[in-house]
K.L.:
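Would you mind keeping the following structure in view while I ask a few things?
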Amino acid sequence: MDAPQRPDAISSFAADLHIGNSLSRKKEPFEPISAPYVGMYVCGPTVYSNVHLGNVRTFLTFDIVYRYLIHLGYKVRYVRNITDVGHLTGDSDDGEDKIGKKARLENIEPMEIVQRYTNDFHDVMRIFNILPPSIEPTATGHIVEQIDMISKIIENGYGYEANGSVYFNVRKFAESHDYGALSGRRIDELQSQTRALDGQDEKRDPIDFALWKKADESHLMRWPSPWSVGFPGWHLECSVMSTKYLGQSFDIHGGGMDLKFPHHECEIAQNVGANGKADPVRYWIHGNMLTVNGRKMSKSEGNGFTPDELITGNHKLLEKGYSPMTVRFFMLQGHYAGTLDFSNPALQAAEKGLERLMTSWRLLEKLKPVAEGGSADPAPDVDAIIARAYAAMNDDFNTPILIAVLYDAVKVVNSVAAGRMALDEKGISTLHHLFDRFAKDILGLQHEDVGDGGDDRTDGLMEVLCTLRAEAKSNQDWATADLIRNRLAEMGVNIKDGKDGASWTFD
RNA sequence: GGUCUGGUGGCCGAGUGGCUAGGCUCAGCUCUGCAAAAGCUGCUACAGCGGUUCGAAUCCGCUCCAGACCUCCA
């Protein structure tokens, strides 16, 4: 897994980068707080089960952001947390800690759960060629800092203790701050929307959220604090770890659309409530959901695929298996801010489209420049293609447009290979640059064939076979020519007859 | 009910005032011993209704439809 090549200085193209900011709901020019450094925080997974493709889409979105910022020359510190405590089951069952519950069900240590699914998460990230972040902190590794932040929030008057638990006083905070600015919610509406208080509730107001929860001995994961033995609230870890590693104000905060409320709204309140600094995050980026037959992919719907099911095709909703690169490409053909529907025809279209792109990319390696002094007519304008590639990425990371631009390059490569167009040395090297930087570094596309082809010996063997076949063809010995072609095809080697002899590709 | 997204051709999916994606599919053609690949051409749409404008898929209003979110032991 290769990180993008980072230039020594910030690219001149960086000045045109615009980011769709979910806080302002506008596309804004990207101006880092202290260039060349960029701080980016993304909410990572809660490691109590296998990740599914919907999760993958979110992390892929920020992989593209990360890769492009690096490509532009920024020194990015990318922090993506692992939630290993505090995320409660929010639905109708019991509101237990998700990890604690799983540990109890399987009768093992919570940390075994955490380790197992963290490993799984990393494996999945790897097969989709998603780069690891600079720092991957865990909630349990930052209990001390979380307690410290709670204390600050209480000191500042925005938190209160009730029976050993601590809550954030939303109404108090909203007196002087715009709670709801990110999600567009108003606290009066929230108030009326919230389910009725039951008499046991320790919260002063139903819209308050927990910073610390007291826990009895049946809880597997609990820590001492000034208020009680218990555990931190889910929203707290992200505030704590982003502040610790990126500062009280930082550039980019990302996550899935479904985290906008309450999670991110609460994060802002906590950061501001503890640090007193308004606007802790400059640019909020939210990746949209992956749907299946129009429904959000989720475990409870039974419409989530694990990577294994995806690759083998062993799932009732899959007609066949698809490679991770196919899925990566498929996801990048849609913009991150829109929903994307996962379907078999769409996947098959992506598979074929990717194959055409990759075949052309391989063909580029063998392209010969037009001879010195020879005319390159008609000569395609490859510099314009590069400019359009940057324009696409600068427009809020518009990968679908970038892919469309790459297909223009595909057309050029194929035309040159077929002798219909000509390129000089410089033109060819520009195309190399386009594919290496945009397809490989930024989109993270890579050839999936492993081990076969590419080395000198294979090339030599192929040359011999092609020469023999060319000889057979010139003798009109079609039987021999077809035998060579067919036997190679059985092995996954495809011969293509062009104007200047045959070329070959591997499946 | 509230908040937020969206509704684009056979399918997927860009595009936010005039030029205008791209991929896949289908049909025809070129090339070709045949095939594959590649290239060319065609099929060419913006949920509905009204408004603004010289001009709207794009802006405004309304309607219809779809999805997400609405929080801690509800």
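Below, chain A is the first sequence line, B the second, and so on; all start at residue 1.
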K.L.:
Test of understanding: with ring-ring contact (aromatic ring centres under 6.0 Å, His included), list the residues that count as partners of A/His263, not counting sequence neighbours.
P.N.:
A/Trp234, A/His235
K.L.:
Could you tell me which nucleotide pairs with B/A47 by Watson-Crick or G-U wobble geometry, both distances under 3.5 Å, or answer none if nothing does?
P.N.:
B/U63
K.L.:
Check nucleotides 43-45 of chain B for protein N or O atoms closer than 3.5 Å to its own N or O atoms and list the pairs.
P.N.:
none

K.L.:
Applying a 4.0 Å non-hydrogen cut-off, can you work out what A/His335 is touching in the nucleic acid: base, sugar-phosphate, or nothing?
P.N.:
sugar-phosphate
K.L.:
Does OP1 or OP2 of B/G15 have a side-chain N or O of A/Asn398 closer than 4.0 Å?
P.N.:
yes
K.L.:
Can you list the residues that meet the side-chain hydrogen bond (donor to acceptor under 3.5 Å, both in side chains) rule with A/Glu351, with sequence neighbours excluded?
P.N.:
A/Lys320
K.L.:
Walk me through whether A/Tyr167 and A/Asp205 qualify under side chain to side chain donor-acceptor pair (under 3.5 Å).
P.N.:
CA-CA 10 Å; A/Tyr167 296 94; A/Asp205 196 310; over 6 Å; no
K.L.:
Both distances under 3.5 Å, Watson-Crick or G-U wobble: report the partner of B/G1, or none.
P.N.:
B/C70
K.L.:
Hey, does A/Leu340 reach any base, or is it just sugar-phosphate, or nothing, if we go heavy atoms under 4.0 Å?
P.N.:
sugar-phosphate
K.L.:
Is B/C29 paired to anything, Watson-Crick or G-U wobble with both distances less than 3.5 Å, and if yes, which nucleotide?
P.N.:
B/G39
K.L.:
Please tell me if A/Lys473 has a side-chain N or O lying less than 4.0 Å from either OP1 or OP2 of B/U32.
P.N.:
no
K.L.:
Can you check whether any acceptor in the base of B/A38 is under 3.5 Å from a donor in the side chain of A/Arg420, or vice versa?
P.N.:
no
K.L.:
Using a cut-off of 4.0 Å on non-hydrogen atoms, how would the nucleic acid contact of A/Gly338 be classed: base, sugar-phosphate, or nothing?
P.N.:
nothing
K.L.:
Going by atom types alone, do A/Tyr336 and A/Asp396 pair a side-chain donor with an acceptor below 3.5 Å?
P.N.:
yes
K.L.:
Over 60° means perpendicular and under 30° means parallel, so tell me whether A/Phe329 and A/Tyr407 are parallel, tilted or perpendicular.
P.N.:
perpendicular
K.L.:
Given B/U5, is OP1 or OP2 found less than 4.0 Å from the side-chain N or O atoms of A/Asn288?
P.N.:
no
K.L.:
For A/Asp63 and A/Tyr68, run side chain to side chain donor-acceptor pair (under 3.5 Å): C-alpha distance rounded to whole Å, both residues' side-chain angles, the deciding distance at 0.1 Å, then the answer.
P.N.:
CA-CA 8 Å; A/Asp63 188 50; A/Tyr68 189 55; over 6 Å; no
K.L.:
With A/Glu161, which residues qualify under side-chain hydrogen bond (donor to acceptor under 3.5 Å, both in side chains), at least two apart?
P.N.:
none
K.L.:
When the ring planes of A/Phe168 and A/Tyr158 are compared, do they come out parallel, tilted or perpendicular, using 30° and 60° as the limits?
P.N.:
parallel
K.L.:
Polar-atom pairs under 3.5 Å, protein N or O versus N or O of nucleotides 21-25 of chain B: list them with distances, or write none.
P.N.:
residue: B/G23; atom: OP1; partner: A/Arg356; partner atom: NH2; Å: 3.1
residue: B/C24; atom: OP1; partner: A/Arg356; partner atom: NE; Å: 3.1
residue: B/U25; atom: OP1; partner: A/Lys352; partner atom: NZ; Å: 2.7

K.L.:
Show the atom names and distances, to 0.1 Å, of all donor-acceptor pairs under 3.5 Å that link a side chain in residues 383-391 of chain A to residues at least two apart or in another chain.
P.N.:
residue: A/Arg388; atom: NH1; partner: A/Asp408; partner atom: OD2; Å: 3.2
residue: A/Arg388; atom: NH2; partner: A/Asp408; partner atom: OD2; Å: 2.6
residue: A/Tyr390; atom: OH; partner: A/His71; partner atom: NE2; Å: 2.8

K.L.:
Closer to the 5' end of RNA chain B via nearest nucleotide, is it A/Trp478 or A/Phe330?
P.N.:
A/Phe330
K.L.:
With both distances under 3.5 angstrom, what nucleotide forms a Watson-Crick or G-U wobble pair with B/U53?
P.N.:
none
K.L.:
Between B/A36 atom C1' and A/Arg469 atom CZ, what is the distance in whole Å?
P.N.:
10 Å
K.L.:
For a quick check, tell me whether the side chain of A/His286 and the base of B/C4 share a donor-acceptor pair closer than 3.5 Å.
P.N.:
no
K.L.:
Is it true that the side chains of A/Thr326 and A/Ser323 contain a donor and an acceptor less than 3.5 Å apart?
P.N.:
yes
K.L.:
Both A/Ile495 and A/Met289 contact RNA chain B. Which one's nearest nucleotide lies toward the 5' end?
P.N.:
A/Ile495
